[in-house]
Protein chains: 2
Amino acid sequence: MASSTREKIIQLGDDLLRKQGFNAFSYADISKPLQIKNAAVHYHFPSKQDLAFAIAQWHKDVFDRFSRKMATKEPKDRLKTFLNFYHSIHLSEKVDIIGAFATDWYSLGPNVQTEVQEFTELVIEWLTELIQEGMDLGQFRKTQNTRTTALKILSSIFASTQLVRITSDQDFTRVKNSILEELLN
Amino acid sequence: MASSTREKIIQLGDDLLRKQGFNAFSYADISKPLQIKNAAVHYHFPSKQDLAFAIAQWHKDVFDRFSRKMATKEPKDRLKTFLNFYHSIHLSEKVDIIGAFATDWYSLGPNVQTEVQEFTELVIEWLTELIQEGMDLGQFRKTQNTRTTALKILSSIFASTQLVRITSDQDFTRVKNSILEELLN
DNA sequence: TTGCAAACCTACTAGTAAATAAGTAAATTA
DNA sequence: TAATTTACTTATTTACTAGTAGGTTTGCAA
């Protein structure tokens with residue numbers, strides 16, 4: 001079964017949110033490419049907040065499947081896959097969803113904010129555990145606070161998807177490689 | 001002489017840009033608090049792009065004065081002041097201007113983009129020189145590529161102003177302190 | 001004191017935004 | 001097969017957006 005209209009709207013909404021920002025796209029930007037009418041988008045997502053909620057929820061689902069699939073792999077490879085994922089974001093000229101939601105934070109309704117918070121905490125905890133495990137296995141250099149290390153990795157990699165819009169592509173690869181190098185023993 | 005209307009518009013525009021995003025505020029959001037009419041804002045800044053340009057220019061000017069004032073201080077103190085500056089951004093519930101411009105990048109006209117690029121390069125170069133100097137003086141740990149280190153510091157600190165909107169205040173302080181600790185010998 | 005420009009205001013336009021009401025065709029279920 | 005639901009469309013509304021044309025006031029300069 002090909003993806004439903006609902007799924008296509010979420011995908012396109014996510015694309016637009018991360019390329020242009022929540023307030024920079026309209027329902028027309030979604031309905032036109034999908035060759036449906038404005039009201040059809042409202043049928044699936046009565047308000048733009050409902051769409052934002054669905055996008056946040058989708059990211060939670062995807063990350064959940066991702067972390068399950070990665071569970072068996074060793075910390076180093078898990079981190080590499082994570083960083084490569086951000087590389088693909090960079091190549092598609094989007095920014096990370098966390099940064100996109102963060103800069104548009106005050107445009108989001110309370111339930112969307114909660115969903116975004118849950119997703120973000122999921123990512124941070126996953127990274128924190130990964131780092132702890134890598135340290136326990138002697139693959140990673142010891143750091144004082146694993147959550148802080150996780151926060152620094154997350155923030156520098158997601159900020160890079162933003163920063164390189166302004167500077168250059170090379171800067172992304174530099175930061176990406178450096179994150180791994182710094183952690184490895 | 002108290003600050004002119006023009007200056008007040010730039011200040012308020014900058015506040016709104018960094019609190020809500022470029023597409024989330026209107027000229028009405030500027031004219032109302034300043035108790036002037038919509039057209040008065042258009043008198044000073046015919047288009048919203050002109051306002052964005054002036055905001056970018058203002059940041060360049062401020063950073064220029066900042067770097068001049070800091071020139072005599074030693075690297076460690078320069079970095080501390082820089083990080084404290086970001087702490088004040090965090091406290092005012094804004095995000096950093098670089099991240100704000102980056103996420104709204106495709107809403108900006110070419111001349112605004114150029115101005116933002118110049119400002120950002122100014123900051124990166126200032127940080128790079130600071131790190132090199134600190135390393136030469138033996139205050140900072142040696143790193144392979146000083147620009148990469150600068151990029152990582154900049155990205156993790158400006159992303160933190162975004163991330164802590166979603167997570168918690170503590171996370172900002174953690175990252176901030178860790179940046180300094182990691183660099184110091 | 002006249003002329004003129006800076007800094008506004010009044011009043012408006014054209015376009016776009018999100019959102020809704022009411023209707024329809026096709027599929028699903030009872 | 002009758003009733004209902006799903007997935008839309010057509011048509012419209014309300015509200016706001018950036019931007020403009022033209023008039024007014026104020027202060028300064030010739």
Side-chain angles (χ1 to χ4, degrees), chain A residues 1-56 58 100-101 103-113, chain B residues 1-56 58 100-101 103-113:
Chain A
M1 175 172 70
S3 71
S4 66
T5 301
R6 191 193 140 88
E7 280 163 345
K8 281 178 192 161
I9 294 171
I10 293 174
Q11 286 311 307
L12 190 48
D14 177 61
D15 267 28
L16 291 163
L17 171 62
R18 287 158 63 199
K19 254 182 201 146
Q20 320 194 123
F22 185 68
N23 295 295
F25 77 89
S26 71
Y27 271 34
D29 295 321
I30 290 176
S31 59
K32 266 182 214 163
L34 297 183
Q35 298 186 71
I36 52 174
K37 298 296 157 183
N38 198 284
V41 186
H42 278 285
Y43 167 74
H44 290 285
F45 304 99
S47 84
K48 215 178 168 183
Q49 294 296 329
D50 295 318
L51 177 56
F53 185 86
I55 292 169
W58 181 82
F101 273 133
T103 50
D104 291 332
W105 190 246
Y106 298 109
S107 300
L108 306 173
N111 54 337
V112 182
Q113 290 186 340
Chain B
M1 177 170 68
S3 71
S4 66
T5 301
R6 191 193 141 87
E7 281 163 346
K8 281 177 192 162
I9 294 170
I10 294 174
Q11 286 310 309
L12 190 48
D14 177 60
D15 267 28
L16 291 163
L17 170 62
R18 287 158 62 200
K19 255 182 201 148
Q20 319 193 107
F22 185 67
N23 295 294
F25 77 89
S26 72
Y27 271 34
D29 295 322
I30 290 175
S31 58
K32 266 181 212 164
L34 298 183
Q35 298 185 70
I36 53 175
K37 298 295 156 183
N38 200 284
V41 186
H42 278 285
Y43 167 75
H44 290 285
F45 305 99
S47 83
K48 213 178 169 183
Q49 295 295 329
D50 295 319
L51 176 56
F53 185 85
I55 292 169
W58 181 82
F101 273 134
T103 50
D104 291 331
W105 191 246
Y106 299 110
S107 300
L108 306 174
N111 55 336
V112 182
Q113 289 186 342

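So you know, we letter chains A, B, ... as the sequences are listed, proteins then strands, and number each from 1. Excluded from the calculations below are hydrogen atoms, water molecules and symmetry mates; all remaining heavy atoms, backbone and side chain alike, are included.
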Whole angstrom value for the distance that separates [atom2] of [N] from [atom1] of [X]:
X: B:Leu16; N: D:dT17; atom1: CG; atom2: P; answer: 12 Å
X: B:Asp50; N: D:dA18; atom1: CG; atom2: P; answer: 13 Å
X: A:Ile30; N: D:dC8; atom1: CD1; atom2: C1'; answer: 16 Å
X: A:Tyr27; N: D:dT9; atom1: OH; atom2: P; answer: 15 Å
X: B:Lys37; N: D:dG19; atom1: NZ; atom2: C1'; answer: 17 Å
X: A:Ile36; N: D:dT6; atom1: CD1; atom2: C1'; answer: 14 Å
X: B:Phe22; N: D:dA18; atom1: CZ; atom2: C1'; answer: 10 Å
X: A:Gln35; N: D:dT9; atom1: CD; atom2: C1'; answer: 15 Å

Looking only at atom types and distance, does a side-chain atom of A:Lys19 sit under 3.5 Å from a main-chain N or O of B:Tyr106, one as donor and one as acceptor?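 Here the side-chain-to-backbone pair does not exist.
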Check for a donor-acceptor pair, side chain of A:Gln49 on one end and backbone N or O of A:Ser107 on the other, with a separation under 3.5 Å.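 Here the side-chain-to-backbone pair exists.
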If I take atom CG from residue B:Leu16 and atom CD1 from residue B:Ile9, how far apart are they, to the nearest 0.5 angstrom?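 Going from CG on B:Leu16 over to CD1 on B:Ile9, the span is 12.0 Å.
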Report yes if at least one side-chain N or O of [X] is closer than 4.0 Å to OP1 or OP2 of [N]; otherwise report no.
X: B:Ser26; N: D:dC16; result: no
X: B:Thr5; N: C:dA7; result: no
X: A:His44; N: D:dC8; result: yes
X: A:Tyr43; N: D:dA7; result: yes
X: B:His42; N: C:dC8; result: no

Let me have the donor-acceptor pairs involving side chains of residues 28-41 of chain A, under 3.5 Å, with sequence neighbours excluded, atom names and distances please.
residue : atom : partner : partner atom : Å
A:Asp29 : OD2  : A:Ser26 : N            : 2.8
A:Ser31 : OG   : A:Tyr27 : O            : 3.2
A:Ser31 : OG   : A:Ala28 : O            : 3.4

Does B:Gln11 reach the side chain of B:Trp58, with side-chain heavy atoms less than 4.5 Å apart?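 When only atoms from C-beta onward are counted, B:Trp58 and B:Gln11 do touch, with a gap below 4.5 Å.
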Side chain of B:Ala39 only, heavy atoms from C-beta on: which candidate in D:dG19, D:dC8, D:dT20 is closest?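 Nearest to the side chain of B:Ala39 among the choices is D:dT20.
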For the side chain of B:Asn38, starting at C-beta, report the closest nucleotide among D:dG19, C:dA21, C:dC9.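 It is D:dG19.
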Counting any heavy atom closer than 4.0 Å, what does B:Phe45 reach on the DNA or RNA strands: base, sugar-phosphate only, or nothing?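 Touches nothing.
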